[in-house]
Amino acid sequence: MSLLTILRYPDPRLHTVAKPVRNFDDRLKKLVSDMTETMYEAAGVGLAASQINVHEQLIVIDISDTHDDLLVLINPEIIWTSPEKTVYKEGCLSVPGIYDDVERHTQITVRALDVTGNSFELKADGLLAICIQHEMDHLLGKVFVEYLSSLKRDRIKTKMLKEERRAQKTSNSSPKR
Ligand code: NI
């Protein structure tokens, strides 16, 4: 397994629309296991392939504290949403350190394929439902900050770019390993 690099907002590649997965082969299995390891290492509860610059409809999610409840969603479709909505303070591995309120459907039913290509349906609520909707947005090229006001979004953009420049400076001045 290997760790993958997570794209950081406002990287324009995060706005790429993902294509369906067609081949349920060893490459896909390796990608799923690398994404899972990357998500656990970054202490995230979900990761979409878009975030590691692979523009295919693939998501890994694990909302457990114990890292033993992995959910893999391939070519997911939301087939039902509750009329009720919930506001939750979301974060994202592509926008580190930023948390803000986003409104989502409280419950959803999603249809997806597993890593072997078998179709299944899942009814989700609570954090899992929020997480699935957040990750599915990534596959459409949408980052959660796009739900915020343009003023907030611009502030986040500036902060992210500043941090990126600072990180580059630090890595240039430190000895090569
Ligand atoms: Ni995210």
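Both counts, for ligands and for their atoms, begin at 1 and track the order of listing.
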Under a 4.0 Å N-O cut-off, is there an ion pair linking Glu121 with Arg111?
-> yes
The complete set of ring-ring contact (aromatic ring centres under 6.0 Å, His included) pairs with one or both residues in residues 34-64, sequence neighbours excluded, reads Tyr40-His67
Could you pull out every donor-acceptor pair under 3.5 Å between side chains of residues 69-78 and any protein atom, sequence neighbours left out?
{"residue": "Asn75", "atom": "OD1", "partner": "Val21", "partner atom": "N", "Å": "2.7"}
{"residue": "Asn75", "atom": "ND2", "partner": "Val21", "partner atom": "O", "Å": "3.1"}

Cationic tip of Lys142 within the cone over Tyr147's six-membered ring, i.e. under 6.0 Å and within 45° of the normal?
-> yes
Provide the full list of ring-ring contact (aromatic ring centres under 6.0 Å, His included) pairs with a residue in residues 84-104, sequence neighbours left out, each pair given once.
-> none
Charged N-O contact under 4.0 Å between Glu90 and Arg104 | yes
Under 2.8 Å from the Ni ion (ligand 1) - protein N/O/S, by chain and number | Cys92 SG, His134 NE2, His138 NE2
